[in-house]
Amino acid sequence: MKLKLSLTVLLMSFSLFTMAQETNAPKFGKGLFNLVGQDSTWTMNVAARMQFLATANFQEGESGESNFLVRRARLKFGGYAFSPKLKYKLELGLSNRDISGASEYTSNAPRYILDAVIKYNFAKNLELWFGQTKLPGNRERVISSGNMQQVDRSLLNSRFNIDRDLGIQLRHHFNLTNNFVVKEIFSIAQGEGRNITTGNIGGHQYTGRVEFLPMGNFTSGGDYSGSDLKREETPKLALGVSYDHNNNAVKNRSNQGSYMTNDIGFYQTNINTLFIDVMFKYNGFSFMAEYADRDADDPYAKNSDGSLTGAEVQVGRGLNLQTGYLFNNDLEVSGRYTNIELDKTVTGKDAENQYTLGISKYIVGHKLKIQSDISVLDITNSNKQIMYRLQFDIHF
């Protein structure tokens with residue numbers, strides 16, 4: 001099935017290529033080719049990217065493990081239809097990690113679709129998004145996996161992120177002063193994650209986010225890109241706050257994690273997640289901080305008679321601090337500290353502290369780079385774990 005989909009996508013791309021009025025190959029990192037309709041009422045940029053990852057894990061008192069994999073392999077399509085005010089994005093995942101998670105809730109089909117969203121700028125500074133895409137949660141998650149400062153995202157993201165979902169988003173921005181920019185986002189989503197075909201089981205998910213940029217916009221959207229590759233000439237700061245309410249959620253991490261089944265179907269409870277984040281960049285130096293907090297009306301999943309099912313909402317909090325400096329030769333040294341404290345009374349899990357040192361060499365920015373990092377994971381009442389990773393990124 002995976003091969004069949006890949007061939008279909010390639011044939012579709014070739015068909016569009018031959019039908020286009022104008023075809024040109026952009027410079028490296030800007031896509032494979034651009035298409036423009038005969039009457040210029042539509043455009044499409046076709047791009048591809050891959051990440052190759054090697055990992056070695058060691059734990060005190062145990063033998064080490066290592067593995068190699070294609071971490072990500074994706075095709076991306078984007079442009080506008082009918083008018084530049086009506087944009088779209090389609091991103092497909094082809095690696096095993098991208099398409100994993102098939103279940104009865106996805107019609108037992110691989111989860112190929114990452115993003116399938118339409119963006120309509122229907123009024124000044126107002127944009128309506130409709131489809132499947134990332135929710136406006138923590139900054140680290142919204143930053144593309146191809147634009148990360150280190151090999152992968154932090155433990156905070158893996159424990160608390162609200163990822164992608166299906167729904168609508170309303171986005172707006174305005175200037176308080178000539179430089180002070182404020183951005184607002186409101187989202188209504190299905191509340192169970194991406195590629196769900198069974199419909200909405202619990203309630204809906206509501207997410208609101210506001211961002212403050214007192215020193216103006218970052219160069220080339222750098223507030224959502226790791227590292228200060230643009231070497232901001234003046235200090236730039238972004239402060240963001242997101243609040244997510246998943247009404248009658250049926251998964252143990254809001255719209256992520258495992259379904260909380262019980263004797264009559266699903267256990268439902270309201271789950272709330274708060275994110276606070278900061279991004280600062282200046283002259284090659286970057287700093288990002290995030291705080292996450294998740295709670296639930298009743299975190300213990302129950303059957304209809306009140307007995308416990310054994311599942312529980314992963315309530316708790318996390319903190320991530322990350323910084324780096326980019327030298328003039330495009331070599332960057334970065335460091336990260338992450339603390340995860342899930343409520344032990346509810347989850348039974350001990351606190352986690354992870355320390356990461358990373359080195360990245362940017363050959364063509366984020367489009368062609370080599371990244372390496374080493375992490376020490378310290379879990380209360382457990383032996384320390386050491387992880388070494390090496391990753392190669394290439395984006396056409």
Side-chain angles (χ1 to χ4, degrees), residues 29 49 51 72 134 136-158 160-161 173 179-183 209-242 275-292 318-339 353-376 389-393 395:
R49 66 185 183 97
Q51 289 181 337
R72 295 176 175 91
K134 293 177 182 177
N138 60 309
R139 184 180 302 272
E140 186 184 27
R141 182 65 190 92
V142 179
I143 291 176
S144 169
S145 58
N147 294 333
M148 294 185 294
Q149 186 172 45
Q150 295 189 338
V151 172
D152 215 337
R153 299 183 179 94
S154 69
L155 290 179
L156 180 147
N157 182 79
S158 65
F160 293 95
N161 91 87
H173 67 272
N179 290 325
F180 200 128
V181 181
V182 179
K183 301 178 181 180
R209 179 171 175 82
V210 60
E211 299 180 359
F212 304 96
L213 291 82
M215 302 172 184
N217 285 313
F218 288 59
T219 304
S220 301
D223 49 332
Y224 279 96
S225 177
S227 311
D228 185 19
L229 295 181
K230 297 300 181 180
R231 303 181 191 276
E232 295 286 356
E233 295 182 358
T234 60
K236 294 295 173 67
L237 176 69
L239 307 172
V241 179
S242 296
F275 297 107
I276 302 174
D277 57 68
V278 176
M279 175 70 85
F280 176 82
K281 292 185 178 183
Y282 176 56
N283 195 28
F285 173 80
S286 61
F287 173 76
M288 181 178 69
E290 288 192 325
Y291 172 79
L319 174 68
N320 185 58
L321 305 174
Q322 186 169 315
T323 188
Y325 183 76
L326 181 69
F327 294 94
N328 291 331
N329 61 357
D330 289 332
L331 184 73
E332 183 185 48
V333 176
S334 62
R336 180 163 70 197
Y337 165 71
T338 310
N339 169 257
N353 290 284
Q354 188 175 58
Y355 310 85
T356 303
L357 176 65
I359 297 178
S360 300
K361 174 61 178 177
Y362 300 97
I363 303 169
V364 187
H366 284 298
K367 304 302 180 182
L368 185 62
K369 62 184 178 180
I370 300 174
Q371 294 183 295
S372 178
D373 63 29
I374 185 168
S375 299
V376 176
R389 298 182 293 191
L390 176 67
Q391 184 165 270
F392 181 82
D393 273 68
H395 301 226

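Every value quoted in this text rests on a predicted model; they were computed, and no experiment measured them.
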Please test Arg231 against Asn328 for side-chain contact (heavy atoms from CB on, under 4.5 Å), starting from the C-alpha separation and ending with a verdict.
CA-CA 10 Å; Arg231 303 181 191 276; Asn328 291 331; 3.9 Å; yes
Interatomic distance, Leu390 atom CG to Ile370 atom CD1 [nearest 0.5 angstrom]
7.5 Å
To the nearest 0.5 Å, tell me how far Leu368 CG sits from Asp393 CG.
8.5 Å
Side chain to side chain, His366 and His395, heavy atoms closer than 4.5 Å
no
Polar side chain donor-acceptor pair, Ser145 to Arg72, under 3.5 angstrom:
yes
Looking only at side chains, do Gln150 and Thr356 share a donor and an acceptor under 3.5 Å apart?
no
Closest non-hydrogen atom pair between Gly284 and Asp228, with its separation
N-OD2, 2.7 Å
Ignoring hydrogens and geometry, is there a side-chain-to-backbone donor-acceptor pair from Lys183 to Glu211 under 3.5 Å?
no
Do Asn161 and Arg153 have side chains that approach each other closer than 4.5 Å (heavy atoms only, starting at C-beta)?
no
I'd like to check Leu156 versus Tyr291 (side-chain heavy atoms, cut-off strictly below 4.5 Å). Are they in contact?
no
Is the closest side-chain donor-acceptor distance between Asn353 and Tyr337 under 3.5 Å?
yes
Could you report the tightest heavy-atom contact between Arg139 and Leu239, atom names first, then the distance?
NH2-C, 4.3 Å
side-chain contact (heavy atoms from CB on, under 4.5 Å) between Phe180 and Phe212, intermediate numbers included
CA-CA 7 Å; Phe180 200 128; Phe212 304 96; 4.0 Å; yes
Over all heavy atoms of both residues, which pair between Ile143 and Asn147 is shortest? Give the atoms and the distance, please.
CG2-O, 3.7 Å
Would you compute the distance between atom CG of Leu155 and atom CZ of Phe160 and round it to the nearest 0.5 angstrom?
10.0 Å
Please tell me whether Gln322 and Ser334 have a donor and an acceptor in their side chains that are separated by less than 3.5 angstrom.
no
Taking Gly221's backbone N and O only, do any of them form a donor-acceptor pair with Lys230's side chain (distance below 3.5 Å, no angle check)?
no
Tell me whether Arg336 contacts the main-chain N or O of Ser375 through its side chain, where contact means a donor paired with an acceptor under 3.5 Å.
no
Does Arg209 use its side chain to pair, donor to acceptor, with the backbone of Gly137 at less than 3.5 Å?
yes
With no hydrogens and no angle check, just 3.5 Å: does a side-chain donor-acceptor pair link Asp277 and Asn138?
no
Output, in order, the C-alpha distance, side-chain angles, deciding distance and verdict of side-chain contact (heavy atoms from CB on, under 4.5 Å) for Phe280 and Leu237.
CA-CA 5 Å; Phe280 176 82; Leu237 176 69; 4.2 Å; yes
Are side-chain heavy atoms of Met215 and Thr234 found at a separation under 4.5 Å?
no
Does Ser225 use its side chain to pair, donor to acceptor, with the backbone of Gly222 at less than 3.5 Å?
no
With distance as the sole test, does Gln371 use its side chain to make a donor-acceptor pair with the main-chain N or O of Met148 at under 3.5 Å?
yes
Heavy-atom donor-acceptor pair, Thr323 side chain to Ser286 backbone, under 3.5 Å:
yes
Verify, without hydrogens or angle tests, whether Glu232 (side chain) and Thr219 (backbone) share a donor-acceptor contact under 3.5 angstrom.
yes
Taking the side chain as C-beta and beyond, is there a heavy-atom pair between Met279 and Phe218 under 4.5 Å?
yes
Could you go step by step and tell me if Lys369 and Asp330 meet the side-chain contact (heavy atoms from CB on, under 4.5 Å) rule?
CA-CA 10 Å; Lys369 62 184 178 180; Asp330 289 332; over 6 Å; no
Heavy atoms of Val333 and Phe327 approach each other most closely as CG2-CE1, 4.0 Å
For Ala238 versus Asp223, what's the shortest heavy-atom pair and its separation?
CB-CB, 4.2 Å
CD of Gln149 to CG of Leu229: how many Å apart, nearest 0.5 Å?
9.0 Å
For Tyr362, all residues meeting side-chain hydrogen bond (donor to acceptor under 3.5 Å, both in side chains), sequence neighbours excluded:
Ser227, Glu332
Can a donor-acceptor pair be found, under 3.5 Å and without considering hydrogens, that links the side chain of Lys361 to the backbone of Asn329?
yes
Is the side chain of Gln391 donor-acceptor paired with the backbone N or O of Val151 at a distance under 3.5 Å, no angle test?
yes
